[in-house]
Amino acid sequence: MQIRPMQEGDLHSAERTSAATFLEAEELNRRIVEPEVQPRSAEASALWIDRMRLFLTVDPGGCWVAEDNVGEIAGFAISQNRDRIWYLATYGVLPGRQGQGVGKGLMNAALAHAGDRQGIFISSVHPGATRRYRLAGFSLHSQVRMTGTVDRSVLAAVTGLDEGGTGDFDWMDRLDTDLRGAGHGPDHAFMLATLRLIVSRSDAGRGYAYVDDRGHVALLAAAHEETARALLWEALASSREEAFVPSITTVNEWAMDVGLAAGLDIVQEGYVAVRDMEAPGPYLASGHFL
Ligand SMILES: CC(C)(COP(=O)(O)OP(=O)(O)OC[C@H]1O[C@@H](n2cnc3c(N)ncnc32)[C@H](O)[C@@H]1OP(=O)(O)O)[C@@H](O)C(=O)NCCC(=O)NCCS
């Protein structure tokens with residue numbers, strides 16, 4: 001098994017490895033009350049490849065794969081440096097290859113790229129993963145997600161929000177820097193291409209949220225909790241069928257309070273892992289761009 005930098009030609013093989021790895025991981029972690037896990041859709045596979053291509057373009061030194069002796073990609077650790085911050089976008093080893101040191105080699109390569117930057121990522125509950133992260137000096141902050149059907153009778157009119165665009169990226173990056181040590185930089189344009197951007201441009205309380213076409217929050221950042229609450233209410237108002245609010249740590253109990261008021265349930269889910277920084281708030285981290 002060879003640990004080496006990822007290249008453009010690895011994208012399709014790495015995507016198949018990622019789809020198989022996370023399908024099994026999600027099946028193992030599925031609660032009995034939850035629906036069967038579905039294989040990744042063709043659309044999600046294409047988006048995965050586009051996202052990895054962005055990472056390879058912006059910061060190739062953070063993208064590592066493990067290649068077996070027949071040229072298949074058996075694992076990957078895709079991380080990025082953005083100014084003072086390092087984030088781990090995705091990390092996995094094929095089920096049949098786990099527990100043999102492949103993940104450790106990949107993580108060592110990604111962490112060497114991080115240097116002494118502060119770090120952040122979303123961790124699964126996998127015992128091998130959490131062991132690796134703590135040994136690498138990360139603090140594991142428990143997080144919950146909220147799901148359910150929004151009680152439309154409690155939705156209040158939210159004011160002071162607008163649709164965002166590229167002209168908002170400068171102040172959004174400054175807000176990101178205040179909250180997590182670095183702006184999202186080129187990641188904003190990628191998110192804006194596929195997600196709705198809601199912003200609060202008021203000097204009294206700037207903030208933004210990316211929301212998908214089901215109303216699921218992909219990322220939320222705000223200067224104050226009041227703005228964060230307004231953004232989340234707006235996202236929930238646009239939700240169709242099952243609502244979804246990810247990555248809520250205890251510093252973000254404002255999001256739990258909004259979710260509970262909207263009739264959603266709390267589900268325990270993994271950790272926000274951070275090194276040399278606090279778990280950010282008011283902030284709901286993106287699983288892919290942190
Ligand atoms: C997490 C993952 C990438 C680790 O890769 P791996 O190749 O299995 O890991 P390694 O064999 O290198 O083991 C890493 C460490 O975890 C330990 N470990 C591995 N599997 C373990 C298990 N099932 N239980 C307890 N410890 C385990 C190893 O002993 C090793 O510890 P060490 O560094 O002190 O020697 C891989 O298991 C995986 O893809 N899991 C499913 C997807 C997932 O959870 N990804 C992480 C998302 S944040």
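Quick caveat, the model's predicted, so the values are computed rather than measured. Every number for a ligand or one of its atoms is a count from 1 in the order of the listing.
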Which atom pairs, one a donor and one an acceptor, fall under 3.5 Å between side chains of residues 263-274 and the rest of the protein, sequence neighbours left out?
from : atom 1 : to   : atom 2 : distance (Å)
Q268 : NE2    : Q143 : O      : 3.4
E269 : OE1    : R145 : NE     : 3.4
E269 : OE2    : R145 : NE     : 2.8

Return all side-chain donor-acceptor pairs below 3.5 angstrom for residues 226-234, not counting sequence neighbours, or 'none' if the list is empty.
from : atom 1 : to   : atom 2 : distance (Å)
T227 : OG1    : G205 : O      : 3.2
E234 : OE2    : R196 : NH2    : 3.0

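Each of L106, I78, N108 was compared with W64 under the side chain to side chain contact (heavy atoms under 4.5 Å, CB included) criterion, and only L106 meets it.
Between W171 and R201 the shortest side-chain heavy-atom distance falls below 4.5 Å.
Using the six-membered ring where Trp is involved, F289 and F190 have ring planes that are tilted, between 30° and 60° apart.
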With the criterion set at N/O pairs under 3.5 Å, what does the list of contacts between the protein and ligand 1 look like, atom names and distances included?
from     : atom 1 : to   : atom 2 : distance (Å)
ligand 1 : 7 (O)  : G103 : N      : 2.7
ligand 1 : 8 (O)  : G99  : N      : 2.9
ligand 1 : 11 (O) : G99  : N      : 3.3
ligand 1 : 11 (O) : Q100 : N      : 3.1
ligand 1 : 11 (O) : G101 : N      : 2.8
ligand 1 : 12 (O) : G103 : N      : 3.3
ligand 1 : 12 (O) : K104 : N      : 2.7
ligand 1 : 16 (O) : G128 : O      : 3.3
ligand 1 : 31 (O) : R131 : NE     : 2.8
ligand 1 : 33 (O) : R132 : NE     : 2.9
ligand 1 : 33 (O) : R132 : NH2    : 2.7
ligand 1 : 34 (O) : R131 : NE     : 2.8
ligand 1 : 34 (O) : R131 : NH2    : 2.8
ligand 1 : 35 (O) : K104 : NZ     : 3.4
ligand 1 : 37 (O) : Q98  : OE1    : 3.4
ligand 1 : 37 (O) : H126 : NE2    : 3.3
ligand 1 : 39 (O) : V93  : N      : 2.8
ligand 1 : 39 (O) : V93  : O      : 3.3
ligand 1 : 39 (O) : Q98  : NE2    : 3.4
ligand 1 : 44 (O) : S124 : OG     : 2.7
ligand 1 : 45 (N) : Y91  : O      : 3.0

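Among residue pairs with one or both ends in residues 276-290, none qualify as salt bridge (charged side-chain N to carboxylate O under 4.0 Å, His left out); sequence neighbours excluded.
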